[in-house]
Amino acid sequence: MKYIDAHSHLLNIAQKELDTALNARFDSGMLECFVNATSTADWNSIACLVDRYPASITPFFGIHPWFADDITIADILSLSKYVCKTRCGIGEIGLDKTRVMVDYSKQVEVFRSQLEVACTYSKPVSVHSVKAQQDCLSILKEFTGLPQFMVHSFYGSTQMVKEVLNLGGYISLSFSIFKMGREKLQKLVDYIPLKSLLLETDSPDQQVSWPNVIAYDDKVRVPLGNSPMNINILYKIIASIKGIDQSEFVDSINKNCHEFIKGI
């Protein structure tokens, strides 16, 4: 069975792991990853990963809000030149009010600039939104011809889901949702239409509370850390919560992922 991890950071995974287990999954066609940059320094390295695994990796080039302070017009022009000739998305971009050491107005400026690039070249966008959901949505609404976008590692209310869906966006869930508790999680998963759902590990950056995950499936073999290798666990549990046959569920999410990057 083939799985797609809709948001990851493979550059931060140890080379040994990438060369062994992940390499086997990529070569066998059992795994695809959307690999996101966080800064301009990542772009060439991600392009090299694509050269190694062209059928398994979809690159997303962008500037994370944590690194917005030092971004210049020249950097945005470089992004534009990068994406205009490359099969890619734009990410990880957005806003983060918890990163108080980074000027928030500069985050907004850089977010808008990257959305302009996405609109110009019709590139799908992976949006980071922490404590800034309404601001992100307000800015997204400013753009006509907004391309496909996902709110990655979503952790919010059903009302927020509704607003994202009204803009034509996707909701991408990660292991972080297991911190919600059963009642809130069930309500959220039930509310998200299957056609608008993506799944991701956000690995290895996102630390997983495995006891929270095991509470939903006590047969999970707890990994040492988080990597795209774990994406099948998330698929299995969310399929169970939604009450959908796992094979059917995997096919549906894979279709969503391919629709999300369609045309790039």
Side-chain angles (χ1 to χ4, degrees), residues 6-9 12 34-43 60-80 82-83 88-121 123-177 179-180 188 192 196 198 200-202 205-207 260:
H7 187 103
S8 66
H9 297 277
N12 299 338
F34 297 171
V35 180
N36 283 257
T38 55
S39 68
T40 57
D42 293 341
W43 299 349
F60 279 68
F61 300 111
I63 299 150
H64 193 286
W66 290 6
F67 304 100
D69 265 346
D70 299 325
I71 298 305
T72 65
I73 294 175
D75 292 318
I76 301 301
L77 289 173
S78 293
L79 175 65
S80 185
Y82 230 98
V83 304
C88 68
I90 293 182
E92 169 180 358
I93 70 174
L95 303 173
D96 191 329
K97 286 187 175 179
T98 67
R99 199 71 171 181
V100 294
M101 66 284 292
V102 181
D103 182 73
Y104 190 68
S105 63
K106 189 60 184 288
Q107 290 186 40
V108 170
E109 175 191 328
V110 172
F111 184 37
R112 279 199 176 102
S113 295
Q114 293 182 97
L115 286 174
E116 287 174 1
V117 175
C119 288
T120 298
Y121 298 106
K123 298 294 187 178
V125 177
S126 189
V127 176
H128 173 105
S129 177
V130 177
K131 304 294 184 184
Q133 287 88 348
Q134 286 297 342
D135 287 353
C136 278
L137 287 169
S138 294
I139 291 170
L140 288 165
K141 289 174 184 176
E142 295 174 6
F143 290 84
T144 56
L146 186 68
Q148 299 278 32
F149 74 94
M150 71 155 87
V151 179
H152 107 86
S153 196
F154 184 87
Y155 193 93
S157 66
T158 54
Q159 177 58 37
M160 190 61 60
V161 171
K162 182 179 179 180
E163 294 190 49
V164 172
L165 298 181
N166 284 342
L167 285 175
Y170 287 83
I171 300 292
S172 185
L173 300 180
S174 69
F175 288 104
S176 68
I177 60 168
K179 296 183 291 186
M180 279 187 169
L188 176 65
I192 302 169
S196 302
L198 304 175
E200 62 171 274
T201 62
D202 194 21
D205 298 32
Q206 184 177 128
Q207 300 300 306
F260 175 64

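By convention here, the first residue in the shown sequence is residue 1.
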Of all heavy-atom pairs between [X] and [Y], which one has the smallest distance, and what is that distance?
| X | Y | value |
| --- | --- | --- |
| Met180 | Leu188 | CE-CD2, 3.5 Å |
| Phe111 | Val127 | CZ-CG1, 4.3 Å |
| Leu146 | Cys119 | CA-SG, 4.1 Å |
| Tyr104 | Ala132 | OH-CB, 3.7 Å |
| Pro124 | Cys88 | CD-O, 4.0 Å |
| His152 | Ser126 | CB-OG, 3.8 Å |

Side chains of [X] and [Y], heavy atoms from C-beta outward: is any pair under 4.5 Å?
| X | Y | value |
| --- | --- | --- |
| Phe260 | Gln148 | yes |
| His9 | Val35 | no |
| Asp135 | Val108 | no |
| Tyr170 | Val164 | no |
| Met160 | Gln134 | yes |
| Ile76 | Val117 | yes |
| Phe143 | Leu140 | no |
| Ile93 | Phe149 | no |

Identified side chain to side chain contact (heavy atoms under 4.5 Å, CB included) counterpart of Leu95 within the set Gln107, Gln133, Lys131: Gln107
Check: Tyr155/Ser174 side-chain N/O donor and acceptor closer than 3.5 Å: no
Under 3.5 Å side-chain donor-acceptor pair for Thr201 and Gln206: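 Checked: Thr201/Gln206 side chains show no N/O donor-acceptor pair below 3.5 Å.
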Under 3.5 Å donor-acceptor, Glu200 side chain and Leu173 backbone: no
Give the table of side-chain donor-acceptor pairs shorter than 3.5 Å for residues 64-72, with sequence neighbours excluded, one pair per line with atom names and distance.
{"from": "His64", "atom 1": "ND1", "to": "Trp66", "atom 2": "N", "distance (Å)": "3.1"}
{"from": "His64", "atom 1": "NE2", "to": "Glu92", "atom 2": "OE2", "distance (Å)": "3.4"}
{"from": "His64", "atom 1": "NE2", "to": "His128", "atom 2": "ND1", "distance (Å)": "3.3"}
{"from": "Trp66", "atom 1": "NE1", "to": "Asp96", "atom 2": "OD2", "distance (Å)": "2.8"}
{"from": "Asp69", "atom 1": "OD1", "to": "Asp103", "atom 2": "N", "distance (Å)": "3.3"}
{"from": "Thr72", "atom 1": "OG1", "to": "Ala74", "atom 2": "N", "distance (Å)": "3.3"}
{"from": "Thr72", "atom 1": "OG1", "to": "Asp75", "atom 2": "N", "distance (Å)": "3.3"}
{"from": "Thr72", "atom 1": "OG1", "to": "Asp75", "atom 2": "OD2", "distance (Å)": "3.3"}

Step-by-step side-chain contact (heavy atoms from CB on, under 4.5 Å) determination, Asn166 to Lys162: CA-CA 6 Å; Asn166 284 342; Lys162 182 179 179 180; 3.9 Å; yes
